[in-house]
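Quantities reported herein were computed from a predicted structural model and do not represent experimental measurements. Each chain gets a letter, A, B and so on, in the order the sequences are listed, and its residues count up from 1. Values below: all heavy atoms of this structure, side chains included; hydrogens, waters and symmetry mates excluded.
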Number of protein chains: 2
Amino acid sequence: MANTEQKINFKSLKASCQNCSLVELCLPRGLDNTDLTSLDEVIKQRKIVHKGETIFRQGERSGCVFAVRSGSVKTFTTAKNGEEQVLGFHLPGELLGLDGLDNEIHSCAGVALNTTTICELPINDLNVLCVKIPGLQQQLLSLISNEITKDHTMLMLLARRNAEQKLATFLINLSGRYKARGYSAAEFDLTMSRYDIGNYLGLADETVSRLISKFKENNIINAARKSISIIDHEKLCSIAEGDMSLN
Amino acid sequence: MANTEQKINFKSLKASCQNCSLVELCLPRGLDNTDLTSLDEVIKQRKIVHKGETIFRQGERSGCVFAVRSGSVKTFTTAKNGEEQVLGFHLPGELLGLDGLDNEIHSCAGVALNTTTICELPINDLNVLCVKIPGLQQQLLSLISNEITKDHTMLMLLARRNAEQKLATFLINLSGRYKARGYSAAEFDLTMSRYDIGNYLGLADETVSRLISKFKENNIINAARKSISIIDHEKLCSIAEGDMSLN
DNA sequence: CGGCTGCTTGAAATGAGTCAACATAGGTGG
DNA sequence: CCACCTATGTTGACTCATTTCAAGCAGCCG
C-alpha cells in the first residue's frame, strides 16, 4: 500500500501522531523500527474537526479507531427515546472508537468539543499488521481491556457515590490525564459544558454548577466558566474518597 | 499439545461445553470441524464451584476466560475502602472474565451464586489458536466489544433511570437472557440476593424489595423470595421505557 | 448592540435512602 | 423431628440529597 522503503524512526512516528497512546503503548514492548514504520503507515493523515462536528456516528461502521491529537471529544449513546448518555471525554493522546475494534458498527458517537485534530487508524490495516507484529495484537487487547476496566470504575462511581464525590473524582481524573500528557495538572479548561458533565456523572447540570461554587467557596478549586484551577488537590481527593464532606 | 487425530464434531463439542457462547458464536462464521476440534481442546474440563466460592479473584492473573455451563455467577470489584460493586450476573452459556483477555490481572472477581459448573478457556491456548484460525481473533474482539456495549447500556441505566425503570429493565433483561438459552422467559429464579440486585442497580436493597412488592400489587409480576414469574411483560416494558409509572 | 446560549442561584418538591422493627425460610444441632 | 438461630427479605416512618422549576446573569457571536 505505502512505500515500505522509507524507514521511519520513533521520533518521526511520534511527530506524525503526537502523543498517540497506541504508538506509545507499543514502544516499550519491544516493537522494532520496522514495525513502527508499518504502524506509521496505518495512521491516516490527521483530520481537523470543528466544535460540534461528528467524528463517527452511532450505528455506523467507520472501520477506524481514532486518536485525539489536539482538542477534545465526547462520546455518547443515544437511546430509542432520543435521550443521550455521555460515555466519556477524550483528551489529546487518548483513543476513542474502540467499541468498533471488531470492525462492526459503533455503539456510540464521537463529537468534537472544540477544534480538534484526529488521527484515524483503519482497523483492517491494523488487523493485517497484527499478523506481522505479534505484540500488536496483545496491545489491542490490552487497550480494549483497559476500556472495560475504566467502564467498571465508572459503574462504581455512578452507583455508589454522591454528587460531591462524583464531581471531585471527575476533576481529579481530568487533572491526572492532563498531567500524564504533559499538561498542567492544576490548571486546565473544561472543554465540555456543565450539562455534559452532569449527564456523564448522572447529575442535573444545576447540581454540577452548585458543587463547583461550593468547591470554590471552600478554596478547593478556582473556577470561572470553562477555566479550572485546582488549589487543594489533597482535599479534593478526600472528598472523592468520601473521607470528607463540605457543610 | 493434545491429540489432534481425534476429530470431534459440533455435537460432541457442544456436549463438552453445553451452550458455551464462544463456541456458538464461532460456528456460524464458517469455522470447520478441524477448527472446532482445536477449540474443543482448549476448553478445559468443567469445574464445579459451590455457592459463595470464588472462580477468579480481583488482582489475580487467572490466564483464563470462563464460560458458565450451569448455575450462575456474579462479578464485582472491590474498592480501596472495601466497598463492593456488582458488575454483572452470568447465566448458563455466558462468558465471564473477559477483562483478563489481555492475559493481565483481573480487575474484578467472580463468585458462584449457587452450585455452578464452569468451563475454563486458557487464554494462551486461545492465542495460539487465533493464529491458526483467523476468524477466531475476530470473534474474541467481537465478544469483548459487546462487553463494552453492555457496560455502556449499564452506564445509561445507572445515570438516567429511576428505581422503577432500573428494576423493570433488570427483570426484562434476565428474562430475555434465559429465553435466549432455552429457558422460560416468564418464570425463573433470582439466584442473587436483593442486596446484590440493589448493589448492581445502584439502589438500596429495601428499595428493591419495595419495588418487587409494588410490581406484585399491580399484577405485573408474581414473586415469592427467589422465584419470579412475569405476568405482564408488556407493562414491565412500559415501565422500563419510562412510558408508565406505578402510583 | 442585541439576542442567544450556557451558567448561576434560589425555593420548593420528591424520590430514594436510612433506621428500625418484624417476618420468614432454611439450616443446624440437640 | 423438632426447636432454635441466623440469613435474608419485607414493611413502615422519617429524613435529606438531589431534582425540578423559575428567574436572573454574563459571555459571545453575528
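At whole-Å resolution of the value, CD in A/Glu164 and P in D/dA17 are 9 Å apart. Counting to the nearest Å, the P atom of C/dG15 and the CD atom of B/Glu206 are 18 Å from each other. The separation between B/Leu190 atom CG and D/dA7 atom P is 22 Å, rounded to whole Å. Computed from coordinates, the B/Arg210 CZ to C/dG17 C1' distance equals 9 Å when rounded to whole Å.
Under the side-chain hydrogen bond (donor to acceptor under 3.5 Å, both in side chains) test applied with B/Ser107, the options B/Thr75, B/Thr77, B/Asp99 reduce to a single match, B/Asp99.
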| note | Protein heavy-atom contacts under 4.0 Å, written 5' to 3' over nucleotides 23-30 of chain D as B (base), S (sugar-phosphate only) or - (none), form the string ---B----
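Remark: B/Glu147 engages B/Lys150 in a salt bridge, criterion side-chain N to carboxylate O under 4.0 Å.
Note on ring orientation: taking the six-membered ring where Trp is involved, the planes of B/His106 and B/Phe66 are tilted (angle from 30° to 60°).
Within the nucleic acid shown, B/Gly198 has no heavy atom closer than 4.0 Å to any nucleic acid atom.
Taking the ring centre of B/Phe76 as origin, the terminal cationic atom of B/Lys74 falls inside the region bounded by 6.0 Å and 45° from the ring axis.
Regarding contacts with the backbone of C/dC7, a side-chain N or O of A/Lys226 is found under 4.0 angstrom from either OP1 or OP2.
Looking only at distances, a side-chain donor or acceptor of B/His90 sits under 3.5 Å from a matching main-chain atom of B/Leu95.
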